[in-house]
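Hydrogens, waters and symmetry mates play no part in the numbers below; they use all other heavy atoms, side chains included.
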Amino acid sequence: MAGHASLPQGMAAKGIYDTLAIVVEVDRKYGVIVQASCTLVTPQAQEYIRRILIGHSLLEGVEEPIREIKEYYHGAAQNALIAALKDLYRTYLNGPGQASARQAAAKKNV
């Protein structure tokens, strides 16, 4: 599944991609992200996002990865990363068989 967001002008990735994409593979039973990638240009930024996301359960929402990005990622793509994560989470909640995830999100008012 994937989440997308517009990139700000002036970013290196903007020359390659119009949008930022975060793509994850999710364990269906537990909602845990088992693999992740993103379209940021530098390997360090890609690995940082991968480390934040792998092992995180989407059943818990995306507040923790967003907090981590706000606190520690100070690149120009910060807002795009957050928007892409929110888009990814919406995609997850609307996926087939995600009734328990939707119920958990409703309790958190996402």
Side-chain angles (χ1 to χ4, degrees):
M1 98 183 37
H4 299 88
S6 295
L7 286 167
Q9 292 295 328
M11 285 196 60
K14 184 78 170 173
I16 301 169
Y17 310 106
D18 284 331
T19 60
L20 173 78
I22 297 176
V23 180
V24 297
E25 177 184 346
V26 179
D27 173 271
R28 289 179 186 221
K29 184 173 183 179
Y30 299 106
V32 174
I33 297 171
V34 296
Q35 204 52 260
S37 64
C38 69
T39 56
L40 292 172
V41 172
T42 64
Q44 292 91 343
Q46 293 171 7
E47 180 58 28
Y48 176 71
I49 298 305
R50 191 176 4 263
R51 279 195 323 264
I52 288 173
L53 295 178
I54 291 177
H56 178 76
S57 174
L58 290 174
L59 292 175
E60 298 173 3
V62 290
E63 293 84 9
E64 183 58 29
I66 288 173
R67 184 199 61 74
E68 179 94 9
I69 289 167
K70 284 180 178 178
E71 190 169 341
Y72 298 109
Y73 185 90
H74 300 291
Q78 184 187 69
N79 289 334
L81 284 165
I82 291 167
L85 272 175
K86 289 178 180 180
D87 185 52
L88 175 94
Y89 187 57
R90 279 189 297 273
T91 301
Y92 173 73
L93 291 177
N94 292 319
Q98 296 306 322
S100 60
R102 286 189 292 273
Q103 289 170 351
K107 289 179 185 176
K108 291 183 176 187
N109 295 320
V110 173

Original post:
salt bridge (Lys or Arg N to Asp or Glu O under 4.0 Å) with E25: which residues, sequence neighbours excluded?
Top reply: none
Original post:
Going from CD1 on I22 to OG1 on T39, what distance comes out if it is rounded to the nearest 0.5 angstrom?
Top reply: 8.0 Å
Subject >> Pairs involving residues 75-85, ordered by first then second residue, that meet salt bridge (Lys or Arg N to Asp or Glu O under 4.0 Å) (sequence neighbours left out) >> reply: none
Subject >> Minimal non-hydrogen separation, A36 against V24, with atom names >> reply: CB-CG1, 3.9 Å
Subject >> Gap between atom CZ of R90 and atom CG of L88 - 0.5 Å precision >> reply: 9.5 Å
**OP:** Identify the heavy atoms of A5 and A84 that sit nearest to each other, and give their distance.
**Re:** CB-N, 3.6 Å
Original post:
Are L7 and I82 co-members of a hydrophobic cluster defined by side-chain heavy atoms under 4.5 Å apart?
Top reply: yes
Original post:
Sub-3.5 Å donor-acceptor pair from the side chain of H56 to the main-chain atoms of G61, do we have one?
Top reply: yes
Subject >> Partners meeting side chain to side chain contact (heavy atoms under 4.5 Å, CB included) with V62 (sequence neighbours left out) >> reply: L58, I66, Y89
**OP:** Using the test salt bridge (Lys or Arg N to Asp or Glu O under 4.0 Å), find all partners of E64 that sit at least two apart in sequence or belong to another chain.
**Re:** R67
Original post:
Considering all heavy atoms of both residues, which atom of Q78 and which atom of I69 are nearest to each other, and what is their separation?
Top reply: NE2-O, 3.2 Å
Subject >> ILVMFWY network linking V23 to V41, side-chain heavy atoms under 4.5 angstrom >> reply: no
**OP:** Any salt bridge (Lys or Arg N to Asp or Glu O under 4.0 Å) involving residues 74-84? Give me the pairs, sequence neighbours left out, ordered by first then second residue.
**Re:** none
Original post:
About how many Å separate SG of C38 and CG of L53, when rounded to the nearest 0.5 Å?
Top reply: 8.0 Å
**OP:** Please round to the nearest 0.5 Å and tell me the distance separating atom CD of E68 and atom CG of L81.
**Re:** 12.0 Å
Original post:
Quick one: side chain to side chain donor-acceptor pair (under 3.5 Å) pairs with a partner in residues 40-49, sequence neighbours left out?
Top reply: E47-R50
